[in-house]
Amino acid sequence: METLWFGIWGLLWAIYFSLDGYDLGLATLRPFIAKSDTDTRIINNTMAPFWDGNEVWLITAGGVTFAAFPTTYAVMFSTLYTPLLLILFGLIFRGVAFEFRSKHDSDAWRKTWDVLQFIGSFGPALLFGVAFANIFQGIPFDEENIFQGTLLTLLNPYGIAGGVLFVTMFLVTGALWLAVKSVGPLHDRAVSAASKIWVVWVLVAVVFLIFTWFATPLWQNYLVHPWLLFVPLLTVAALFATRYLIAKENWWGAWGAATATVFLTTAFGVIGLYPNLFPSSIDPGLSLTAFNSSSSIKTLKIMLIVVLLFVPLIIAYQGWVHFLFKEKITEKDLESDEAY
């Protein structure tokens with residue numbers, strides 16, 4: 001049961017990064033490809049029906065951590081308090097920026113909220129990567145679960161590499177989402193950005209994988225169980241399928257392949273981490289695992305019923321929303337009173 005819940009925990013994080021990742025990436029990319037207020041509004045409206053729903057998966061992943069692995073939740077949120085609080089503030093800024101930008105007809109007003117939206121998107125994308133990379137290599141907490149370090153401790157070379165990887169892959173998925181949802185020069189700039197950043201993504205991914213070999217024990221599970229190597233192989237295949245589909249101008253396919261790459265990248269890390277949820281770099285014996293930090297078996301069984309009932313419904317609902325709002329956003333759509 002603990003292993004099953006470890007898998008559910010990893011699945012929810014993978015879904016969150018796959019979906020909210022393109023929102024975070026597109027909002028980060030916006031200042032560099034939006035040449036006018038109209039462009040900015042089109043970009044915001046390509047995300048409008050989806051961003052808050054995508055963010056629900058973060059709440060779900062956090063809630064599962066709390067309910068299924070309460071000890072891990074407690075130690076994680078105390079040791080990573082500063083970066084998690086910065087992520088929270090960033091996401092708040094992002095949400096408020098979406099809603100407030102159009103409330104006052106002033107260039108200064110709009111630019112202020114545009115800056116906050118950028119900070120609230122780039123910051124969480126970077127810090128999520130930093131946090132998970134540090135988890136992969138181990139967090140310095142002692143036998144009393146007290147963090148022996150500062151925020152700068154987390155900003156180590158491997159942590160920064162993880163942050164850059166997350167930002168890069170989110171930028172590509174965001175650019176491809178804009179390619180799917182836009183037309184004209186803005187669409188062309190989105191395609192150009194996706195093609196160029198994809199090259200950076202490949203280079204960063206190679207560096208990160210090599211770094212992972214030396215800085216973390218993630219590859220051990222794959223060496224012990226070689227059949228698991230299909231996960232990194234599928235990840236590489238999805239990554240190169242993204243570039244192939246861009247060349248074929250199959251924008252939905254390219255976005256889907258890039259999103260699959262994000263999902264599989266997360267899965268690679270989670271599988272390599274098992275059974276650890278929150279390893280200690282001070283003493284591996286202090287690490288919190290799926291077995292020593294979980295709730296009771298009865299609690300996990302009850303929660304499993306809830307998850308099996310509602311998670312498929314949420315996935316189906318979000319699939320329906322993406323289908324319902326699949327059409328491209330044009331300047332004419334901005335005339336609607338409901339447009340951002």
Side-chain angles (χ1 to χ4, degrees), residues 13-14 16-33 58 80 82-84 86-87 89-91 93-94 117-139 149-178 190 192-216 218-219 232 235-236 238-240 242-243 246 255 257-270 272-273 281:
W13 280 110
Y16 170 67
F17 290 137
S18 300
L19 293 179
D20 206 28
Y22 74 81
D23 290 332
L24 295 172
L26 182 50
T28 301
L29 189 62
R30 177 194 49 75
F32 306 100
I33 59 175
L58 174 61
L80 300 179
T82 301
L84 291 176
L86 290 173
I87 289 172
F89 280 126
L91 295 176
F93 288 152
R94 179 179 71 149
Q117 186 194 55
F118 171 80
I119 294 172
S121 299
F122 171 74
L126 178 69
L127 290 173
F128 271 126
V130 170
F132 269 81
N134 275 280
I135 291 173
F136 293 157
Q137 70 176 351
I139 304 292
T150 65
L151 178 61
L152 294 178
T153 305
L154 302 176
L155 296 177
N156 53 73
Y158 185 68
I160 293 173
V164 173
L165 175 64
F166 269 51
V167 170
T168 305
M169 63 186 186
F170 290 170
L171 286 174
V172 174
T173 55
L176 288 172
W177 180 251
L178 183 58
S192 176
S195 300
K196 293 174 181 176
I197 301 171
W198 180 88
V199 176
V200 180
W201 186 5
V202 172
L203 295 175
V204 172
V206 170
V207 171
F208 185 78
L209 284 174
I210 295 173
F211 212 157
T212 297
W213 178 273
F214 295 100
T216 78
L218 290 190
W219 283 102
T235 307
V236 173
L239 179 58
F240 281 90
T242 301
R243 186 64 188 87
I246 290 174
W255 175 76
T259 301
T261 307
V262 174
F263 183 94
L264 290 166
T265 299
T266 308
F268 165 77
V270 171
L273 195 61
S281 61

> Donor-acceptor pair, Thr242 side chain versus Ala258 backbone, under 3.5 Å?
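Yes, Thr242 side chain to Ala258 backbone: donor-acceptor pair under 3.5 Å.
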> Checking Phe17 now: which residues fulfil ring pair (Phe, Tyr, Trp, His ring centres under 6.0 Å) with it, not counting sequence neighbours?
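Residues passing ring pair (Phe, Tyr, Trp, His ring centres under 6.0 Å) with Phe17: Trp13, Phe128, Phe132, Phe166.
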> Is the shortest heavy-atom distance from the side chain of Phe240 to the side chain of Trp198 under 4.5 Å?
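Side-chain contact under 4.5 Å: yes.
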> Run the ring-centre check on Trp219 versus Phe268 and record whether the distance is less than 6.0 Å.
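Judged by ring-centre distance (under 6.0 Å), Trp219 and Phe268 do meet the cut-off.
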> Can you tell me how far the CG atom of Leu26 sits from the CH2 atom of Trp177, to the nearest 0.5 Å?
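With rounding to 0.5 Å, CG (Leu26) is 10.0 Å from CH2 (Trp177).
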> Using the side-chain contact (heavy atoms from CB on, under 4.5 Å) definition, which of the options Leu273, Val130, Thr216 pairs with Ile135?
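In the set Leu273, Val130, Thr216, the residue that makes a side-chain contact (heavy atoms from CB on, under 4.5 Å) with Ile135 is Leu273.
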> Would you compute the distance between atom CG of Leu239 and atom OG1 of Thr265 and round it to the nearest 0.5 angstrom?
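Output value for this atom pair is 7.5 Å.
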> For a 4.5 angstrom cut-off between non-hydrogen side-chain atoms, does Arg94 reach Asp23?
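Side-chain contact under 4.5 Å: yes.
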> Would you say that more than 12 heavy atoms from the other residues, nucleotides or ligands in this model lie under 6.0 Å from the CZ of Phe93, or not?
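Counting neighbours around CZ of Phe93, 12 or fewer heavy atoms of other residues, nucleotides or ligands fall under 6.0 Å, so no.
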> Nearest 0.5 angstrom please: Tyr158 OH to Phe211 CZ, how far?
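So the gap between those two atoms works out to 8.0 Å.
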> Let me know which of Leu80, Ile139, Leu155 forms a side-chain contact (heavy atoms from CB on, under 4.5 Å) with Asn134.
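One option only clears the test, and that one is Ile139.
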> Taking the side chain as every heavy atom from C-beta outward, state whether Thr173 and Val262 have any pair of such atoms under 4.5 Å apart.
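SC-SC contact between Thr173 and Val262 confirmed.
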> Under 3.5 Å, is there a donor-acceptor pair between the side chain of Thr28 and the main chain of Phe122?
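Yes, the answer is positive, given that a donor and an acceptor are paired below the 3.5 Å cut-off.
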> Could you grab the distance from atom CG of Leu24 to atom CG of Leu91, nearest 0.5 Å is fine?
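Here the rounded value is 7.0 Å.
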> In the structure I gave you, are the side-chain heavy atoms of Leu165 and Trp201 within less than 4.5 Å of one another anywhere?
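Side chain of Leu165 against side chain of Trp201, heavy atoms only: contact under 4.5 Å found.
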> Any chance you could measure Leu154, atom CG, to Ile160, atom CD1, to the nearest 0.5 Å?
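Answer for the CG-CD1 pair, Leu154 versus Ile160, is 10.5 Å.
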> What's the spacing between Ser192 OG and Ile197 CD1 if we round to 0.5 Å?
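Reported value, rounded in 0.5 Å steps: 9.0 Å.
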